[in-house]
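Working notes, beginning with the structure itself.
The analysis underlying the following values was restricted to heavy atoms, covering all of them including side chains, and did not include hydrogens, waters or symmetry mates. We count residues from 1, following the sequence as given. The structure presented is a predicted model; accordingly, all values stated were derived computationally and were not measured.
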Amino acid sequence: MVTSTARRLFSIIHHHKHENPLGLPRAGSFPRMQRGLPSKRRIPGISKVIVVSSAKGGVGKSTLAVNLALSLAQQGVRTGLLDADIFGPSVPRLLNLAGEEPILSENNQLVPIENYGIRSMSMGYLVGEEAPVVWRGLMVMKAVQQLLWEVKWGDLDMLVIDLPPGTGDVQLTITQQVVMDGGIIVSTPQDIALIDAVKGINMFKKVDVPILGMVQNMSVFVCPNCSHQTHVFGSEGVARECSKHGINFLGDIPLDASICKDADNGKPTVVARKGPLTDAYNSIALKLRQQLGF
């Protein structure tokens, strides 16, 4: 029986507990920090874990991660989504779950919140949508550990982890503690975004995360009136980097106002509509399933 919500515990206790920033009653399930690199292990109950990275903000990574998770679920893959962005979580709004609070299991683990057929967990469920998380690095790392090891996912075929932008502490904590089955890099075609995307490629190589491929987001704008195509951010940039680094090109997602509107409305494109946009996400999901054996 659950007696209190996780958000209530968080708001009461978290500022007193550098070792327990989410304020969870001790479940004792996440690995302690040790000298040297931590040993990687599987998250209980989850068959495959993939991470979605951009190494740069503003390229549509979270929107893609959510639509990808939803597409996998619609194709019969039991899917969960972990929003690993402590400072700027967006998954609650994208899944129309803003304001929802997770409960605690009998073992004092966070219970994911479900909508549209996927289970999700996010820092955004533990704080208000407009509340800043003003923490230093140690608190952030402990919170990430708790989101990794103190969530009761149940049995899943796939967990999609939406990484925050960058190649720093959060990314290292996750990729060095969890056995990863693959990573995806999202970028727009423009050179300024690709500079950081290449950093994401090299990060995955350094921490031994298999690279499943790259997605070119906002690839082309098609005028809704005359159907003229405009490559606002350039063209073929991601495909060029894939060829250069010997990794798979997973596909293009167009620059379309509907994707933004769907995201803001909390009903992502994959569940909001049928047509070319949804087909683009489904194609990427199918390629991932084939690579991962689903």
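Taking 4.5 Å as the limit, every side-chain heavy atom of Ile184 sits out of range of all side-chain heavy atoms of Phe204. Counting only heavy atoms from C-beta outward, the side chains of Phe249 and Val215 never approach each other to under 4.5 Å. Using a 4.5 Å cut-off on side-chain heavy atoms (C-beta onward), Ser47 and Met158 make no contact. For the pair Thr79/Leu156, no side-chain contact is recorded, criterion being any heavy-atom separation below 4.5 Å from C-beta on. Ile185 places none of its side-chain heavy atoms less than 4.5 Å from the side chain of Glu241. Contact annotation: the side chain of Tyr281 approaches that of Ile259 to within less than 4.5 Å [non-hydrogen atoms, C-beta and beyond]. Under the 4.5 Å side-chain criterion, counting only non-hydrogen atoms from C-beta, Asp252 is not in contact with Pro189.
In summary, the side chains of Trp149 and Gln177 do present a donor paired with an acceptor at a separation below 3.5 Å, with no hydrogens or angles considered. Side-chain atoms of Thr269 and Asp262 form a donor-acceptor pair, as typed in the model, at a separation below 3.5 Å. Neither side chain, Asn107 nor Ser105, offers a donor N or O lying under 3.5 Å from an acceptor on the other.
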Open item on the list: What verdict does the side-chain contact (heavy atoms from CB on, under 4.5 Å) test give for Asp162 and Asp85, after you've listed the backbone C-alpha separation in whole Å, the side-chain angles of each residue and the deciding distance to 0.1 Å?
Closed with: CA-CA 7 Å; Asp162 179 20; Asp85 195 336; 5.9 Å; no
Open item on the list: Between Ser71 and Gln75, is the side-chain hydrogen bond (donor to acceptor under 3.5 Å, both in side chains) condition met? List the steps.
Closed with: CA-CA 6 Å; Ser71 183; Gln75 294 179 33; 3.1 Å; yes
TODO: Assess whether side-chain hydrogen bond (donor to acceptor under 3.5 Å, both in side chains) is satisfied between Asn217 and Thr188, documenting all intermediate values.
DONE: CA-CA 5 Å; Asn217 203 23; Thr188 59; over 6 Å; no
Task: Stepwise side-chain contact (heavy atoms from CB on, under 4.5 Å) check, Ile113 with Arg119 - done: CA-CA 6 Å; Ile113 303 177; Arg119 304 168 198 170; over 6 Å; no
Open item on the list: Show, in sequence, the C-alpha distance, side-chain angles and deciding distance for Ser62 and Val91, and conclude whether the side-chain contact (heavy atoms from CB on, under 4.5 Å) test is met.
Closed with: CA-CA 7 Å; Ser62 292; Val91 164; 5.7 Å; no
- [ ] Go through the steps to decide whether Leu110 and Tyr125 satisfy the test side-chain contact (heavy atoms from CB on, under 4.5 Å), and finish with yes or no.
- [x] CA-CA 10 Å; Leu110 292 165; Tyr125 298 142; over 6 Å; no
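A salt bridge links Asp181 with Arg42: at least one charged nitrogen is closer than 4.0 Å to a carboxylate oxygen. Between Asp157 and Lys48 there is no salt bridge, since no side-chain nitrogen of the basic residue lies less than 4.0 Å from a carboxylate oxygen of the acidic one.
Applying the side-chain hydrogen bond (donor to acceptor under 3.5 Å, both in side chains) criterion to Asp196, with sequence neighbours excluded, gives Lys56, Lys199. By the side-chain hydrogen bond (donor to acceptor under 3.5 Å, both in side chains) test, Ser243 pairs with no residue at all, sequence neighbours left out.
Expressed to the nearest 0.5 Å, how far CG of Asn67 lies from CG of Leu277 amounts to 9.5 Å. Taken to the nearest 0.5 Å, the CG atom of Leu82 stands 5.0 Å off from the CD1 atom of Ile161. The NZ atom of Lys142 lies 13.5 Å from the CG atom of Leu147; values are rounded to the nearest 0.5 Å. Atoms CG and CG, from Leu94 and Asp264 in turn, are 8.5 Å apart once rounded to the nearest 0.5 Å. The CE atom of Met214 lies 9.5 Å from the OG atom of Ser53; values are rounded to the nearest 0.5 Å.
In this structure, Ile253 and Leu64 approach most closely via the heavy-atom pair CG1-CD1, 3.9 Å. Nearest heavy-atom pair, Asn108 versus Glu150, reported as atom, atom and distance to 0.1 Å: O-OE1, 4.5 Å.
Cluster note: Leu286 groups with no other residue, as no ILVMFWY side-chain heavy atom lies under 4.5 Å from it.
Remark: Arg78 fails to qualify as a cation-pi partner of Trp153 under the 6.0 Å distance and 45° angle criteria applied to the six-membered ring.
The number of heavy-atom neighbours closer than 6.0 Å to NZ of Lys267, taken from other residues, nucleotides and ligands shown, is 12 or below. At most 12 heavy atoms of other shown residues, nucleotides or ligands fall within 6.0 angstrom of atom NZ in Lys206. Other residues, nucleotides and ligands place no more than 12 heavy atoms under 6.0 Å from the CZ atom of Arg93.
Between the side chain of Gln216 and the backbone N or O of Val238 there is at least one donor-acceptor pair closer than 3.5 Å. A distance-only check finds no donor-acceptor pair linking the side chain of Asn248 to the backbone of Leu250 [under 3.5 Å].
With Leu81 as the fixed residue, the side-chain contact (heavy atoms from CB on, under 4.5 Å) test singles out one of Val160, Leu70, Leu159: Val160. Residue Pro102 is tested with Val151, Leu97, Val111, Leu126 for a side-chain contact (heavy atoms from CB on, under 4.5 Å); the sole match is Leu126.
Leu148 and Met141 end up in the same hydrophobic cluster when Ile, Leu, Val, Met, Phe, Trp and Tyr side chains are linked at under 4.5 Å.
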